[in-house]
Amino acid sequence: MAATGSEKQGGKAYYVSTPIYYVNDAPHLGHAYTTVAGDVLTRWHRQRGEKVWYLTGTDEHGQKIMRTAQANGVTPQEWCDKLVEEAWKPLWEHLEIANDDFIRTTEKRHTDRVQEFVQALYDKGEVYKGGYEGPYCVGCEEYKLPGELLDGEGAFAGQKLCPVHKTPVEILKEENYFFRLSEYGPKLLELYEAHPDFVQPESARNEVVNFVRQGLQDLSISRSTFDWGIKVPWDDKHVIYVWIDALLNYATAVGYGADQDRFDSIFPADIHLVGKDILRFHAIIWPAMLMANGLPVPGRVFANGWLLVSGEKMSKSNLTGIKPQDLTSHFGVDAYRWYFLRAIAYGQDGSFSWEDFSARYTSELANDYGNLASRVTAMVSRYFDGTLPEATAVGAAETAVHEGLAKAVAEADRRIGEELDFSGGIAAVFEFVRLVNGYLTEQEPWKVAKDKSEEGQARLATILYTAAEALRAVAVLLNPVMPDTSRKLWESLGAEAALGALADQRVAEAGEWGRLPAGATVTKGEALFPRLEERPEA
């Protein structure tokens with residue numbers, strides 16, 4: 001199993017991956033949801049002081065890509081190149097995704113190593129030649145079990161449909177090469193038993209365990225009816241099944257077969273983030289492949305739920321695809337990153353709503369957080385000429401704020417860093433923001449300011465220092481979620497000059513009270529979360 005966070009200070013990197021995404025079209029909210037989650041998780045672990053490796057990329061082989069390219073009058077490689085450079089990479093830059101690598105399955109560093117891996121399986125007797133006939137979904141690039149299929153209605157009456165894409169399956173009959181997956185059922189069940197958190201959440205684990213207990217069939221790992229893929233090294237009439245090709249990106253991207261030292265310092269992944277519709281590939285086929293070639297299995301496979309619109313999974317095929325830019329142009333990139341992780345429990349299905357986004361933006365971001373930052377910096381500027389005063393009159397009210405921060409840091413670190421409960425971790429930080437707002441309301445510094453006595457001014461200084469220091473901690477805690485906003489607040493508090501770059505701050509340090517020094521220069525900047533304009537026409 002992968003090492004734990006505490007073991008990674010000088011050893012193996014904390015390795016997180018997203019799925020590699022099909023480039024049959026431009027990315028939508030569902031793709032961005034998983035990628036932002038991985039970005040927040042890895043930024044959090046970087047702020048713990050750990051070595052981190054975050055991988056994402058694109059899946060560019062297979063029949064679906066070939067047909068899409070043909071429909072657009074270009075070669076598959078031309079189609080992939082265009083989509084990657086004009087849609088996928090620009091979106092990740094737009095959303096401030098801090099990935100360490102971007103793997104494309106058409107790259108030589110990948111294709112050569114895939115052939116070596118599959119050749120090794122063949123040489124060990126793990127692969128044999130056989131025939132297969134069954135229902136195949138090109139959209140999923142997967143043979144389906146008859147019991148999984150849906151009965152078509154309307155235009156599809158009399159046909160069997162893929163349960164994911166709701167489109168007719170094709171009956172394929174091929175002579176293929178097969179991986180002896182059926183032999184790995186007992187080993188996989190042992191893995192799940194020994195490591196109950198290998199598949200998460202619990203509902204996903206139950207699905208995988210029950211599926212394996214029913215008995216596994218050997219897996220077809222080649223195709224001979226089309227040629228857009230990596231050639232089977234011992235038989236160039238076949239290409240390697242796109243899912244075998246795709247799963248191996250997690251190994252080839254970090255040096256498998258090319259740089260052993262680098263490979264050992266990163267592999268295996270600590271967490272594979274996947275959509276629940278591709279869970280079985282990652283929780284069954286992938287570890288079996290690794291076992292077969294004597295490689296360590298990942299630490300966890302975490303399946304996020306689906307983003308729903310009108311009760312349907314968000315995808316291009318059912319016309320509920322929404323571009324992330326449709327939302328970032330209205331709410332901003334940081335609010336976009338925050339909303340989906342705050343509003344939806346990771347691992348569960350969740351419905352996107354423009355109205356809910358607007359309401360949460362106004363209530364939590366603008367009113368609670370943004371208004372707090374604006375009030376505090378404005379009062380320091382007004383009452384102390386922008387110089388952060390010293391807290392010399394600390395009492396029970398301030399102690400409650402100190403304790404509230406310690407609680408928020410511990411809870412956010414556990415929930416985000418370990419449990420992937422992004423919603424709960426963010427909620428813990430915002431509970432602290434509300435506590436500080438309540439503290440200001442009770443202490444009424446605008447009234448205390450009228451008391452010009454030494455005691456009155458000491459009290460005012462203590463109130464404003466307490467609120468500013470609380471904001472310093474919030475900027476650190478929310479930096480993985482909203483990096484641009486946190487950076488603005490950090491600079492507004494004078495923390496950049498006093499404490500250094502925000503990226504260098506540690507989660508543990510966020511809870512150390514008193515780090516922002518008296519004398520720091522505080523300035524009132526622009527509103528962190530501006531008032532929303534009218535909703536654009538759909």
Side-chain angles (χ1 to χ4, degrees), residues 40 327-328 330-345 353-381 397-398 400-413 415-416 421-446 463-493 495 502 510-511 513 516 522 524-533:
V40 171
L327 300 181
T328 60
H330 183 70
F331 295 99
V333 170
D334 270 12
Y336 175 96
R337 291 169 57 97
W338 167 86
Y339 171 74
F340 286 98
L341 296 183
R342 172 69 182 92
I344 299 170
S353 160
W354 189 286
E355 291 72 23
D356 183 58
F357 196 160
S358 297
R360 287 179 182 271
Y361 177 101
T362 300
S363 174
E364 296 189 43
L365 294 185
N367 292 350
D368 288 348
Y369 184 24
N371 190 44
L372 175 63
S374 179
R375 286 199 297 166
V376 172
T377 54
M379 286 190 285
V380 173
S381 297
E398 288 69 44
V401 175
H402 304 171
E403 293 173 349
L405 175 60
K407 177 183 176 182
V409 171
E411 185 167 356
D413 192 33
R415 288 183 179 271
I416 295 175
D421 178 7
F422 301 105
S423 179
I426 294 169
V429 179
F430 273 80
E431 184 177 341
F432 176 67
V433 167
R434 286 188 290 273
L435 184 151
V436 178
N437 273 314
Y439 166 79
L440 285 182
T441 298
E442 292 174 359
Q443 300 306 312
E444 300 181 314
W446 48 90
I463 295 169
L464 293 183
Y465 177 86
T466 299
E469 169 64 353
L471 283 170
R472 185 275 311 169
V474 170
V476 175
L477 294 174
L478 292 180
N479 184 45
V481 183
M482 296 187 284
D484 186 56
T485 301
S486 295
R487 192 161 49 241
K488 290 176 181 176
L489 177 57
W490 189 253
E491 293 171 355
S492 177
L493 293 170
L502 178 56
W513 191 265
L516 188 61
V522 177
K524 186 180 185 301
E526 61 186 38
L528 296 182
F529 301 100
R531 185 170 177 267
L532 293 174
E533 301 295 329

Exercise for the section: Indicate yes or no: at least one non-hydrogen side-chain atom of Leu440 is less than 4.5 angstrom from one of Val376. Expected result: yes
Completion exercise
Sorted by chain and residue number, the side chain to side chain contact (heavy atoms under 4.5 Å, CB included) partners of Ser363 (sequence neighbours excluded) come out as none
Problem - pair Arg375-Asn437: side-chain heavy atoms closer than 4.5 Å - result: yes
Exercise for the section: Give, for atom CD of Gln443 and atom CG of Leu464, the distance between the pair rounded to the nearest 0.5 Å. Expected result: 11.0 Å
Practice task
Could you tell me which residues satisfy salt bridge (charged side-chain N to carboxylate O under 4.0 Å, His left out) with Asp356, sequence neighbours excluded, listed by chain and number?
Solution key: Arg360
Fill in the blank from the handout: Residues Ile463 and Tyr439: closest non-hydrogen pair is CA-OH, 3.3 Å
Exercise for the section: Locate the shortest heavy-atom distance separating Val40 from Pro480; write the atom from each residue and the value. Expected result: CG2-O, 3.4 Å
Handout entry: Working for side chain to side chain contact (heavy atoms under 4.5 Å, CB included), residues Phe529 and Met482
Key = CA-CA 11 Å; Phe529 301 100; Met482 296 187 284; 3.8 Å; yes
Fill in the blank from the handout: For Ala412 and Gly425, the nearest pair of non-hydrogen atoms, with its separation, is CB-O, 3.8 Å
Handout entry: Residues that Lys524 engages under salt bridge (charged side-chain N to carboxylate O under 4.0 Å, His left out), provided they are two or more places apart
Key = none
Problem - From CG (Leu365) to CG (Leu478), nearest 0.5 Å - result: 9.0 Å
Problem - 4.5 Å side-chain heavy-atom contact, Phe430 and Trp338 - result: yes
Handout entry: Check: Trp354 ring centre within less than 6.0 Å of Tyr361 ring centre
Key = no
Exercise for the section: For Asn367 and Thr362, indicate whether the former's side chain and the latter's backbone hold a donor-acceptor pair under 3.5 Å. Expected result: yes
Exercise for the section: Flag the pair Arg487 / Asp484 as yes when at least one side-chain heavy-atom distance between them is below 4.5 Å, and no otherwise. Expected result: yes
Practice task
Kindly say whether the aromatic ring centers of Phe357 and Phe331 come within a distance under 6.0 Å.
Solution key: yes
Problem - Test salt bridge (charged side-chain N to carboxylate O under 4.0 Å, His left out) applied to Glu355 - qualifying residues, sequence neighbours left out - result: Arg535
Handout entry: Close side-chain approach of Lys407 and Phe432, heavy atoms under 4.5 Å
Key = no
Exercise for the section: Search all heavy atoms of Tyr369 against all heavy atoms of Leu471 and return the closest pair with its distance. Expected result: CE1-CD2, 4.3 Å
Practice task
Measure the acute angle between the ring planes of Trp513 and Tyr465, then classify it against the limits of 30° and 60° as parallel, tilted or perpendicular.
Solution key: perpendicular
Practice task
Check Leu405 against Ala473 and note the closest heavy-atom contact, atom names and distance.
Solution key: CD1-CB, 3.6 Å
Exercise for the section: Write down the atom of Ala345, the atom of Ser423, and the distance for their closest heavy-atom approach. Expected result: CA-CB, 4.4 Å
Exercise for the section: Could I get the full list of salt bridge (charged side-chain N to carboxylate O under 4.0 Å, His left out) partners for Glu411, not counting sequence neighbours? Expected result: Arg415
Problem - Heavy-atom check, side chain of Arg337 versus side chain of Pro483, under 4.5 Å - result: yes
Handout entry: Side-chain donor or acceptor of Asn479 paired with backbone N/O of Ser486 under 3.5 Å
Key = no
Fill in the blank from the handout: Quick note, salt bridge (charged side-chain N to carboxylate O under 4.0 Å, His left out) partners involving residues 422-432, not counting sequence neighbours, are none
